[in-house]
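Chain A is the first sequence line, chain B the second, and so forth, proteins listed ahead of strands; every chain is numbered from 1. The figures here come from the full heavy-atom set of this structure, side chains too, leaving out hydrogens, waters and symmetry mates.
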Amino acid sequence: ADTVACLARACAADGRPLDGLSLLRDAARRGSPPSRAAAGDIIAAFAADGNFAKVSDTLHFMIAAGCPPDTGVYQGIIYHLFAQGLGGEALRIFREIKLRGYDIDRVLYTTVINGLCKIHRIDDAQQVWDEMVDKGIEPNDYAYCSLVHYYSKAGDFKKARNLYDEMLGKGFKASTISYNILITGHCVHGAVDGAFGLLDEMMTEGIEPDVITYNILIQGLCKVGKLDKAMQMYKQLLSSGLEPTVSTFTPLIDAMCEKGQVDGAVDLIESMQAKGLEPLVRSNDSVINGFCKISRSDEGMAWLAGMLKSNIKPREQTFNALVESLSTSGRLDDALLVLSIMFKVGFELS
RNA sequence: AGGAAUCGACUGU
């Protein structure tokens, strides 16, 4: 029976929950009840795939086999429902298991609080928080961070900071993640000075920024047009030994193309590829738009050819910009060629 | 025991 459970969990981990479920069903038919852990893993795998019909099948199977799901199983389902924009269904299940007498633990409460924050239902989140506290469960750093994240993103830095300090007052330690949350809020609202103040603060406390910290700062700087400073942060990221990610480059490429520094953007794309990172489609669109903007539409067209060769489809507005740029620079034949490609991929001239 | 928090990705403007 342990072997069945082990194999079934391996199937779930490998993204083959259907195979895992058949194993458990066969075993149950031969008289051995499924393990909760294995069934739980299978349910989580179905939920991660958005296959909630199979989640429901597996739940019914567990109940019928005399092995009803525990709160951990429901936590996984609720988490994935929120993640896939099905918060209403998540809340319905949350209410239902409470009615059925399940004892809700801290992780499940926190999952619901976080899910509600993400869909901007802060009042409901607060209500669940209060319910948790009434039950004698103290919010931990995860729960605080969910609320801090909400207020931070909403631009209510005061409230975010108050909650953050309350968290510290309860003995939870500041971390790279908690600082990243505060820094994000400032960057989203263009308050880059505040963001850098927080960066100083964290480093003074001996908390090291990670690649996400840099990504947030770079994005914030690009947003307010401080491209030089953003590039400086990119270099600092490299010299501190961290590995950049796609999200490190995306705002830099965008901002450079926007400012007409298309050669710099192309260099960045080449550095990405040298590191094995593929730029987003959107970055390719930016390059073409950038070339058009600085009247180098021939290079924009060459970039388009490269995209098509790699089976990447530019946006409709990119085609339009290119057609316009080619025609104003007198390259009518090229403009018509691009136009024909545009129609072939199903786009219209604006 | 495991399962919950940060940039990003996807979709729209």
Side-chain angles (χ1 to χ4, degrees), chain A residues 5 9 12-13 35-45 47-48 50 69-85 90 94 104-118 125 128-129 132 137 139-153 160 163-164 167 172-188 195 198-199 202 207 209-223 230 233-234 237 242-254 277-283 315-317:
Chain A
R9 297 187 77 173
S35 96
R36 212 174 244 109
D41 283 1
I42 287 165
I43 287 176
D70 61 15
T71 49
V73 170
Y74 283 109
Q75 185 273 338
I77 296 169
I78 288 172
Y79 170 80
H80 288 292
L81 283 168
F82 272 119
Q84 289 165 47
F94 183 55
I104 310 300
D105 68 8
R106 172 158 41 216
V107 174
L108 181 43
Y109 269 122
T110 307
T111 301
V112 173
I113 290 167
N114 184 57
L116 286 167
C117 287
K118 288 283 143 60
V128 174
W129 174 288
M132 173 174 79
I137 300 173
N140 64 4
D141 43 355
Y142 283 68
Y144 272 104
C145 281
S146 292
L147 286 197
V148 171
H149 183 240
Y150 170 84
Y151 286 111
S152 186
K153 270 268 180 92
L163 278 164
Y164 186 78
M167 174 182 90
F172 296 106
K173 284 205 292 236
S175 63
T176 303
I177 291 179
S178 62
Y179 269 109
N180 285 348
I181 289 168
L182 292 175
I183 293 173
T184 300
H186 284 77
C187 284
V188 160
L198 288 161
L199 178 67
M202 73 189 276
I207 299 168
D210 64 6
V211 63
I212 294 182
T213 317
Y214 280 99
N215 288 354
I216 296 164
L217 290 167
I218 289 170
Q219 191 177 23
L221 288 164
C222 289
K223 190 185 164 79
M233 291 310 289
Y234 167 63
L237 159 70
L242 294 167
E243 279 300 321
T245 66
V246 174
S247 336
T248 313
F249 292 97
T250 306
L252 290 170
I253 294 167
D254 269 347
L277 299 172
E278 265 316 304
L280 298 185
V281 175
R282 181 168 98 228
S283 299
R315 296 186 172 192
E316 189 163 15
Q317 61 192 40

Peer 1: Touch check for A:Arg9, heavy atoms < 4.0 angstrom, all strands: base, sugar-phosphate only, or nothing?
Peer 2: nothing
Peer 1: Does A:Ile207 have any side chain to side chain contact (heavy atoms under 4.5 Å, CB included) partners at least two apart in sequence or in another chain, and if so, which?
Peer 2: A:Ala174, A:Thr176, A:Tyr179, A:Met202, A:Glu205
Peer 1: So does A:Ala44 get a backbone contact from the side chain of A:Asp41, meaning a donor-acceptor N/O pair under 3.5 Å?
Peer 2: no
Peer 1: For A:Thr71, what residues pass the side chain to side chain contact (heavy atoms under 4.5 Å, CB included) criterion, not counting sequence neighbours?
Peer 2: A:Tyr102, A:Asp105, A:Leu108
Peer 1: With a non-hydrogen cut-off below 4.0 angstrom, is A:Leu280 in contact with a base, only sugar-phosphate, or nothing?
Peer 2: sugar-phosphate
Peer 1: Base, sugar-phosphate, or nothing for A:Gly76, non-hydrogen atoms under 4.0 angstrom?
Peer 2: nothing
Peer 1: Please classify the nucleic acid contact of A:Thr110 as base, sugar-phosphate, or nothing, using heavy-atom distances under 4.0 Å.
Peer 2: base
Peer 1: Mind checking what makes side chain to side chain contact (heavy atoms under 4.5 Å, CB included) contact with A:Thr245, not counting sequence neighbours?
Peer 2: A:Val211, A:Asn215, A:Ser247, A:Thr248
Peer 1: A:Phe249: what forms a ring-ring contact (aromatic ring centres under 6.0 Å, His included) with it, not counting sequence neighbours?
Peer 2: A:Tyr234
Peer 1: According to side chain to side chain contact (heavy atoms under 4.5 Å, CB included), who are the partners of A:Ile137, at least two apart in sequence or on a separate chain?
Peer 2: A:Arg106, A:Tyr109, A:Met132
Peer 1: Please identify the 5'-most and 3'-most nucleotides of RNA chain B with any atom under 4.0 angstrom from a heavy atom of chain A.
Peer 2: B:G2 to B:A9
Peer 1: Would you mind classifying the nucleic acid contact of A:Gln75 as base, sugar-phosphate or nothing, using non-hydrogen atoms under 4.0 angstrom?
Peer 2: base
Peer 1: With a 4.0 Å cut-off on heavy atoms, is A:Asp41 in touch with a base, just the backbone sugar-phosphate, or nothing at all?
Peer 2: nothing
